[in-house]
Amino acid sequence: SQTIHQWPATLVQPVGSPLSLECTVEGTSNPNLYWYRQAAGRGLQLLFYSVGIGQISSEVPQNLSASRPQDRQFILSSKKLLLSDSGFYLCAWSVPSGKVTGELFFGEGSRLTVL
Amino acid sequence: QKEVEQNSGPLSVPEGAIASLNCTYSDRGSQSFFWYRQYSGKSPELIMFIYSNGDKEDGRFTAQLNKASQYVSLLIRDSQPSDSATYLCAVSPQFYFGTGTSLTVIP
C-alpha cells in the first residue's frame with residue numbers, strides 16, 4: 001500500500017533562518033507531488049506541484065522553493081524565513097493525470113512557527 | 001490560482017439534522033470535485049469525490065454536481081457530533097482548494 005511520510009512534524013524557527021521540509025512517498029511510482037500551506041483558520045494554499053523529477057511548478061511567488069531530486073521525494077525550502085511563513089505545511093500526492101481519477105493523499109503535516 | 005469558493009461559516013446544525021455545504025468554482029475545465037474533512041490540527045481526509053453531473057451517495061453523505069452552474073455541494077444526513085470539522089472543497093486536475101466551511105453539530 002501507498003504511504004506518505006513528512007517531517008519534521010513541528011518546528012520553531014527564528015526570522016531569517018533557513019527551512020527544509022521533506023516528504024517521501026512509498027508504494028507508488030511517478031506520483032504527482034504537492035506542497036500546500038494552511039495559515040491559521042484558513043484554507044489550503046497550493047504552493048508547488050511536480051509531475052516528475054526536476055519538474056516544479058510554482059503557484060505563488062514568494063521566498064519558498066521546492067525541489068524533487070528523486071521520483072518520490074519532494075523538498076520545500078527557504079533561505080530566509082519571514083513571520084508570514086508560519087503555518088501548517090502539507091505534502092500530498094496523487095496518481096499521475098490521465099490515469100484513473102484519484103484523490104489527493106496527504107502527509108501528516110509540518111507545523112512551522114516563525115518567531 | 002483558479003477560484004474555489006465556499007461559505008466559511010460557521011455552520012451549526014442540531015444532531016440528526018441535515019447539513020448542507022456548498023462550493024462554487026470558476027474554471028470550467030475542472031474535471032473532478034472532492035470533499036475533504038479536516039479536524040483541527042490534522043490533515044484533510046477524503047470524504048468523497050464526484051465527476052459526473054448529478055448526485056452521488058455514500059452512506060450519510062451525498063455529493064451533488066452541476067457543471068453548468070459550476071456548483072458542487074455536500075449533504076450530510078443524520079449529522080453527528082463527530083461530523084464537527086472543517087469541510088474543504090477541491091477541484092482537479094490542479095487540486096485547488098476552497099477556504100473551507102466550519103461545521104458544528106450540536107448534541
Side-chain angles (χ1 to χ4, degrees), chain A residues 2-7 9-10 21 23 25 31-52 55-62 74 86-113, chain B residues 1-10 21-27 29-53 56 58 61 63 65 67 72 74 85-104:
Chain A
Q2 302 91 352
T3 57
I4 178 170
H5 303 282
Q6 183 181 344
W7 69 94
T10 306
L21 301 178
C23 171
V25 180
N32 289 342
L33 296 172
Y34 306 79
W35 279 111
Y36 289 88
R37 178 171 62 197
Q38 188 174 36
R42 306 294 295 276
L44 272 64
Q45 180 185 32
L46 180 60
L47 301 176
F48 301 95
Y49 68 92
S50 170
V51 298
Q55 300 178 62
I56 309 294
S57 296
S58 174
E59 288 288 321
V60 183
Q62 53 197 341
F74 206 22
S86 293
F88 190 44
Y89 288 80
L90 288 157
C91 181
W93 74 273
S94 71
V95 296
S97 299
K99 297 193 176 181
V100 174
T101 300
E103 65 186 274
L104 201 60
F105 298 90
F106 286 93
E108 294 188 349
S110 299
R111 187 163 303 282
L112 170 65
T113 303
Chain B
Q1 295 188 11
K2 304 294 184 181
E3 290 188 0
V4 179
E5 297 188 353
Q6 297 180 250
N7 186 332
S8 62
L21 305 165
N22 304 314
C23 174
T24 60
Y25 59 96
S26 63
D27 185 5
S30 298
Q31 299 171 357
S32 299
F33 307 86
F34 301 80
W35 282 100
Y36 283 82
R37 176 174 61 199
Q38 185 179 27
Y39 293 113
S40 180
K42 301 297 184 181
S43 303
E45 54 183 352
L46 181 73
I47 298 174
M48 61 190 308
F49 68 90
I50 186 169
Y51 52 85
S52 298
N53 274 328
K56 179 181 179 182
D58 183 1
F61 300 95
L65 175 61
K67 289 187 177 180
V72 59
L74 179 71
T86 297
Y87 289 81
L88 299 162
C89 171
V91 301
S92 77
Q94 302 94 336
F95 286 107
Y96 294 128
F97 280 78
T99 53
T101 299
S102 176
L103 171 66
T104 300

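These figures come from a predicted structure and were not determined experimentally.
- Residues B/Tyr96 and A/Leu46 approach most closely at CE2-CD2, 3.6 Å, considering heavy atoms.
- Expressed to the nearest 0.5 Å, how far CD of A/Gln38 lies from CG of B/Leu88 amounts to 6.5 Å.
- Contact of A/Tyr49 with chain B is not made at all, since no heavy-atom distance falls under 4.5 Å.
- Only the side chain of B/Gln38 comes within less than 4.5 Å of a heavy atom in chain A; its backbone stays farther off.
- The number of heavy-atom neighbours closer than 6.0 Å to CD of A/Gln55, taken from other residues, nucleotides and ligands shown, is above 12.
- In this structure a side-chain-to-backbone donor-acceptor pair under 3.5 Å is present from B/Ser43 to A/Gly107.
- Counting heavy-atom pairs under 4.5 Å between each of B/Gly100, B/Ser102, B/Gly41 and chain A puts B/Gly41 at the top.
- Atoms OG and CD, on A/Ser94 and B/Gln94 in that order, are 11.5 Å from each other to the nearest 0.5 Å.
- Distance check, rounded to the nearest 0.5 Å: CD of A/Glu103 to CD of B/Glu45 gives 10.5 Å.
- Note that CG of A/Leu44 is 12.0 Å distant from SG of B/Cys89, once rounded to the nearest 0.5 Å.
- For an aromatic pair to be called close, the ring centres must be under 6.0 Å apart, and A/Tyr36 with B/Phe97 satisfies this.
- From B/Tyr36, atom OH reaches atom CG of A/Leu104 across 4.5 Å, with rounding to the nearest 0.5 Å.
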